[in-house]
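Every number for a ligand or one of its atoms is a count from 1 in the order of the listing.
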Amino acid sequence: MAGPQADDVREPLLIIGAAGRMGRTLVRASLESGDLRLGAAVDRVGSPYIGRDACELADAVRGGVPVSDDLHKALGHCKVAVDFSHADSVAAHATACAAAGVPLLVGTTGVDPEAEESFAAAARSIPLLVAANTSIGVNLLIELVRQSAAALKAGWDIEIFEAHHRHKRDAPSGTALALGRAAAEGRQMSLDQVARFARQGKDELRRSGEIGFAVQRGGSIVGEHQVAFCGESEVLTLAHSATDRMVFARGALHAAAWLRGRPPGRYHMRDVVA
Ligand code: NAD
């Protein structure tokens with residue numbers, strides 16, 4: 001049961017975007033968490049799920065926590081928050097969490113660079129972690145890619161492929177971009193200098209040093225990422241497959257539990273998995 005019980009010592013968690021695919025998975029993950037319990041569930045104003053029991057929505061037994069559209073009130077009931085909602089709202093959510101003194105993990109992707117200002121301001125008063133991918137395996141993959149790119153320089157072309165379900169909004173995925181950034185950093189470059197996001201036409205020769213991205217969308221694919229280092233007569237491929245959203249949800253709750261009690265500042269998944 002997610003509802004508060006006299007003997008439940010787990011701390012209350014707020015899920016922002018609770019009625020979405022990840023939100024519902026996070027609700028289920030909270031039921032098996034040893035550190036956190038569902039304290040409040042928020043979705044957007046106008047969502048048809050406002051007022052519904054968040055656990056029932058997530059195909060679990062009734063938990064007594066209705067989905068609400070009142071973020072400020074919900075923050076009063078929680079010790080830590082996770083956001084898997086919409087890129088356009090994330091900056092405002094970070095500001096609200098900072099005002100309430102509630103640590104925040106942002107899992108939402110596709111966020112505009114302008115949100116960085118709000119994140120920086122929020123991180124002055126709360127611990128804040130922004131993670132394009134909260135799976136432990138992907139975060140290890142990011143470090144392996146960084147090391148491989150540093151080791152394999154001249155003559156090794158880096159190409160990144162990702163595949164996701166048909167409902168995903170942003171492309172390439174936040175994880176593919178994080179992999180690209182790690183690869184570029186491994187070569188002391190910035191991704192902006194070397195990224196190639198599209199190829200089409202008669203004069204599309206690969207430029208030396210570029211990092212190419214390819215995107216596939218369809219069906220219910222949870223998340224596939226591959227980074228290929230293509231050398232002369234050999235290819236090294238590092239890859240990760242997620243077969244269930246639960247891997248992101250468990251990683252997110254692990255990171256959210258880790259954030260509690262930390263000093264204000266910016267944290268990364270590599271701090272959590274280190
Ligand atoms: P979804 O569309 O199924 O769910 C999003 C939910 O957020 C919806 O219920 C929507 O109504 C709600 N929402 C929108 N605006 C809101 C607001 N202002 N306040 C509160 N709720 C709001 O999407 P999804 O598949 O669950 O993915 C959500 C986000 O999480 C996406 O950006 C996705 O890329 C990202 N994601 C991240 C990871 C990770 O590991 N970090 C993993 C999977 C998905």
Rounded distance [0.5 Å steps], [atom1] in [X] versus [atom2] in [Y]:
X: Lys153; Y: Ser148; atom1: NZ; atom2: OG; value: 11.5 Å
X: Leu152; Y: Asp157; atom1: CG; atom2: CG; value: 11.0 Å
X: Trp258; Y: Met269; atom1: CH2; atom2: CE; value: 9.5 Å
X: Leu128; Y: Leu104; atom1: CG; atom2: CG; value: 5.5 Å

Does any N/O atom on [X] come nearer than 3.5 Å to any N/O atom on ligand 1?
X: Asp43; value: yes
X: Val42; value: no
X: Ile16; value: no
X: Thr108; value: no
X: Arg245; value: no
X: Phe248; value: no

Lys/Arg-Asp/Glu bridge criterion (N-O < 4.0 Å) met for Glu204, Arg199: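 Salt bridge between Glu204 and Arg199, a charged N being under 4.0 Å from a carboxylate O: no.
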
Determine, for Glu11 against Lys79, whether the closest basic-nitrogen to carboxylate-oxygen distance falls under 4.0 angstrom.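 No, no charged N to carboxylate O under 4.0 Å.
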
Glu117, CD atom: more than 12 neighbouring heavy atoms under 6.0 Å: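 Atom CD in Glu117 is not packed in, count stays at 12 or less.
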
With a 4.5 Å cut-off on side-chain heavy-atom distances among I, L, V, M, F, W and Y, is there a chain of contacts connecting Leu238 to Leu191?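 Same hydrophobic cluster.
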
Tell me which protein heavy atom sits closest to [atom], plus the residue, atom name and distance to 0.1 Å.
atom: atom 26 (O) of ligand 1; answer: Met22 N, 2.8 Å
atom: atom 38 (C) of ligand 1; answer: Phe84 CE2, 3.6 Å
atom: atom 40 (O) of ligand 1; answer: Thr134 N, 2.9 Å
atom: atom 2 (O) of ligand 1; answer: Arg21 NH2, 3.7 Å
atom: atom 36 (N) of ligand 1; answer: Gly107 O, 3.8 Å
atom: atom 16 (C) of ligand 1; answer: Arg44 CB, 3.4 Å
atom: atom 4 (O) of ligand 1; answer: Gly20 CA, 3.2 Å

Where's the contact between [X] and ligand 1, heavy-atom distance under 4.0 Å: side chain, backbone, both or neither?
X: Ser89; value: side chain
X: Ala131; value: backbone
X: Arg169; value: neither
X: His93; value: side chain
X: Asp88; value: neither
X: Ser173; value: neither

Applying side-chain hydrogen bond (donor to acceptor under 3.5 Å, both in side chains) to Ser85 and Asp83, what does each step give before you reach the verdict? CA-CA 6 Å; Ser85 61; Asp83 183 309; 2.8 Å; yes

Please work out whether the ring planes of Phe213 and Phe197 are parallel, tilted or perpendicular, with thresholds of 30° and 60°.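 Tilted: the ring planes of Phe213 and Phe197 meet at 30° to 60°.
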
For the residue pair His164 / Ser173, report whether a side-chain donor-acceptor contact shorter than 3.5 Å exists.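 Per modelled atom types, Ser173 and His164 side chains form no pair under 3.5 Å.
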
State, without any angle test, whether Ser241 and Glu224 hold a side-chain donor-acceptor pair at a distance under 3.5 Å.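 A donor-acceptor contact under 3.5 Å links the two side chains.
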
What atoms in ligand 1 come closer than 4.0 Å to a heavy atom of [X]?
X: His86; result: 14 (C), 15 (N)
X: Lys168; result: 34 (O)
X: Thr109; result: 32 (O), 33 (C), 34 (O)
X: Ala132; result: 38 (C), 39 (C), 40 (O), 41 (N)

Test item, [X] contacting ligand 1 (heavy atom, 4.0 angstrom):
X: Gly110; value: no
X: His165; value: no
X: Ser47; value: no

Assert yes or no for the condition that the ring centre distance of His93 to His86 is strictly below 6.0 Å.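 No, too far apart.
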
Checking side-chain hydrogen bond (donor to acceptor under 3.5 Å, both in side chains) against Glu162, which of Lys168, His240, Arg217 comes through?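 Running side-chain hydrogen bond (donor to acceptor under 3.5 Å, both in side chains) over Lys168, His240, Arg217 with Glu162 returns exactly one hit, Arg217.
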
Which option wins on minimum heavy-atom distance to atom 5 (C) of ligand 1: Ser85, Ala41, Ala19, Ser135?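 The residue whose heavy atom sits nearest atom 5 (C) of ligand 1 is Ser85.
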
Just one of Val145, Val215, Thr175, Val227 clears the side chain to side chain contact (heavy atoms under 4.5 Å, CB included) bar with Ile160, so which one?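 The option that passes is Val227.
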
Should the pair Arg21 and Phe248 be classed as cation-pi, given the thresholds of under 6.0 Å to the six-membered ring centre and 45° from the axis?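 No - Arg21 does not lie over the ring of Phe248 by the 6.0 Å and 45° rule.
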
